[in-house]
There are 2 protein chains.
Amino acid sequence: MYDEGVNTRPAAGLAERKRQLVSDELTEAALQLMARKGFDAVTVDEIVAAAGVSKRTFFRYFASKEDVVVQFLTAMGTGIHGALADRPAGEPPSVALRHAVQVPLAECAGHSERTLRVVRLILRTPALLARFLERQEQWREDLAAELARREGSGAEAGLHDRLAAGTALVAFNTVLRSWCDGDGAEDPAALTDRAFAVIAPALDASGR
Amino acid sequence: MYDEGVNTRPAAGLAERKRQLVSDELTEAALQLMARKGFDAVTVDEIVAAAGVSKRTFFRYFASKEDVVVQFLTAMGTGIHGALADRPAGEPPSVALRHAVQVPLAECAGHSERTLRVVRLILRTPALLARFLERQEQWREDLAAELARREGSGAEAGLHDRLAAGTALVAFNTVLRSWCDGDGAEDPAALTDRAFAVIAPALDASGR
DNA sequence: GCCCACAATGGCACTTGGTGTCAACGAGGA
DNA sequence: TCCTCGTTGACACCAAGTGCCATTGTGGGC
């Protein structure tokens with residue numbers, strides 16, 4: 001393991017690695033240009049020129065121009081969901097969700113310089129924000145389903161789980177925005193704790 | 001067309017009413033076509049052909065193809081904000097927010113057939129959902145500001161207000177989705193009450 | 001080493017959303 | 001009557017995507 005998880009097996013999918021290389025190259029070029037000129041001012045033609053591939057190839061890797069940025073954060077969604085699934089069964093929802101949300105935010109704090117640039121770009125570009133929020137709707141569905149699995153089904157389980165998942169994501173977004181607006185000065189973990197201190201009573205509310 | 005609420009004052013802004021007429025015609029044509037063929041399958045050229053204006057005129061009235069649908073719901077945002085501003089000062093946030101959110105949902109229940117079609121279109125079309133959620137970010141800002149004005153500024157007022165506003169909107173969205181998925185059978189008011197019963201403790205949480 | 005299948009790519013034409021520009025049109029107002 | 005201002009339509013144009021097909025490897029079986 002040098003950089004990525006590559007190079008583990010002798011020749012495990014050479015084609016795979018080539019694809020990954022092209023994808024990385026495109027993402028890098030796109031983020032570089034957009035950080036400098038803004039999302040709207042960068043055309044796909046510029047990106048592919050910088051990356052040395054054709055426009056057609058770009059759209060084979062990314063469904064849209066927004067995708068090349070938002071896909072960068074896809075890991076967050078699967079991260080939250082996976083982390084929630086890994087929490088012990090007895091844990092109250094507020095605690096489990098707090099830890100789940102904590103996971104991708106810790107990533108942020110780690111690679112702050114790079115991540116901060118991307119998050120800033122997303123939160124300040126209407127088109128990107130829109131796509132990001134839309135993707136979160138899917139996260140919300142997944143989280144609600146996972147909560148339902150954990151907590152069993154009571155009277156208003158469906159409504160309650162969807163509200164809990166949504167509220168947790170509101171906390172996530174609020175933390176992300178505070179962190180971004182403060183240029184990374186604030187500690188995401190501390191912000192998350194404070195946010196969940198406020199919303200916890202709603203997440204653990206009885207009436208399931 | 002003697003349908004709309006026109007014709008109130010003798011000649012108050014003739015040009016205004018002409019503009020309104022064109023806007024209504026376009027909205028009507030768009031919603032009609034999209035309800036039948038789906039959002040993506042309808043082109044702007046079809047819409048303007050049906051409305052009898054030029055494509056250029058369409059984009060003078062609406063910023064994008066999404067806008068013609070989403071603008072239909074703009075009243076909701078201003079409705080919530082206005083209703084919150086009108087609530088008595090002493091009222092706890094959970095009660096004030098519940099009533100504020102109730103207002104546009106009551107509108108839904110009123111003109112259910114028409115509204116239901118639009119809501120369904122938005123919630124089931126990714127591009128429209130994205131725009132809708134993006135617009136809600138603005139609502140969230142406004143609601144948080146209004147809460148700050150109402151409640152004064154304590155220790156973590158900023159964080160708390162933004163969480164409260166976001167959570168209230170999550171409830172709003174959840175109700176809207178339930179109402180839509182149930183084809184309008186469920187009563188929005190009742191759903192709202194149940195949702196707010198769950199989230200109220202978070203909205204009224206101490207620590208300001 | 002040879003050939004075949006298959007995946008990735010590039011190029012190109014085409015549709016669609018969206019914008020800038022300009023000329024024409026029509027309702028007042030001096 | 002003429003002038004002005006707002007609305008409109010027509011046209012050209014740019015950028016985002018998509019469908020299609022020819023080309024180019026690259027790897028595997030023989």
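Since we're looking at a predicted model, the values are computed, not measured. Letters A, B, ... are given to chains in the order of the sequence lines, protein chains preceding strands, and every chain is numbered from 1.
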Side chains of [X] and [Y], heavy atoms from C-beta outward: is any pair under 4.5 Å?
X        : Y        : result
A:Val101 : A:Leu105 : yes
A:Ser54  : A:Thr57  : yes
A:Arg140 : B:Thr174 : yes
A:Asn173 : A:Leu133 : yes
B:Leu31  : B:Arg114 : yes

Could you pull out the protein-nucleic contacts involving nucleotides 10-12 of chain C (nitrogen or oxygen on both sides, under 3.5 Å)?
| residue | atom | partner | partner atom | Å |
| --- | --- | --- | --- | --- |
| C:dG10 | OP2 | A:Ser54 | N | 2.9 |
| C:dG10 | OP2 | A:Ser54 | OG | 3.1 |
| C:dG10 | OP2 | A:Thr57 | OG1 | 2.5 |
| C:dG10 | N7 | A:Arg60 | NH2 | 2.7 |
| C:dG10 | O6 | A:Arg60 | NH2 | 3.3 |

For [X] and [N], give me the distance from atom [atom1] to atom [atom2], rounded to whole Å.
X       : N      : atom1 : atom2 : value
B:Phe58 : C:dT16 : CZ    : C1'   : 13 Å
A:Lys65 : C:dG17 : NZ    : P     : 17 Å
B:Gln20 : D:dT7  : CD    : P     : 13 Å
B:Glu66 : C:dG18 : CD    : C1'   : 11 Å

Of the residues in residues 120-132 of chain A, which ones touch DNA chain D at a heavy-atom distance under 4.0 Å? none
Selection: residues 26-38 of chain A, any non-hydrogen atom under 4.0 Å of DNA chain D: none
Donor-acceptor pair, side chain of [X] and main chain of [Y], under 3.5 angstrom:
X        : Y        : answer
B:Thr167 : B:Leu163 : yes
A:Thr78  : A:Ala75  : yes
B:Ser23  : B:Arg19  : no
B:Arg150 : B:Pro88  : yes

Thinking salt bridges, do [X] and [Y] make one under a 4.0 Å N-O criterion?
X        : Y        : answer
A:Glu146 : A:Arg87  : no
A:Asp183 : A:Arg120 : yes
B:Glu186 : B:Arg194 : yes
A:Glu66  : A:Arg135 : no

Taking only the side-chain heavy atoms of B:Phe59 (C-beta and beyond), determine which of C:dG17, D:dA16, D:dT8 contains the nearest atom. C:dG17
Selection: residues 39-48 of chain A, any non-hydrogen atom under 4.0 Å of DNA chain C: none
Closest heavy-atom pair and its distance - B:Gln102, B:Pro188: OE1-O, 4.2 Å
Begin from the C-alpha positions of B:Ile80 and B:Leu84 and carry the test side-chain contact (heavy atoms from CB on, under 4.5 Å) through to its verdict. CA-CA 6 Å; B:Ile80 297 178; B:Leu84 180 61; 5.6 Å; no
Taking five pairs at each terminus, the helix from C:dG1-D:dC30 to C:dA30-D:dT1 shows an axis bend, to 10°, of 10°
Give me each pair satisfying salt bridge (Lys or Arg N to Asp or Glu O under 4.0 Å) with a member in residues 46-64 of chain A, each pair once, sequence neighbours excluded. A:Lys37-A:Glu46
Under 4.0 Å between a side-chain N or O of A:Tyr61 and OP1 or OP2 of C:dT9? yes
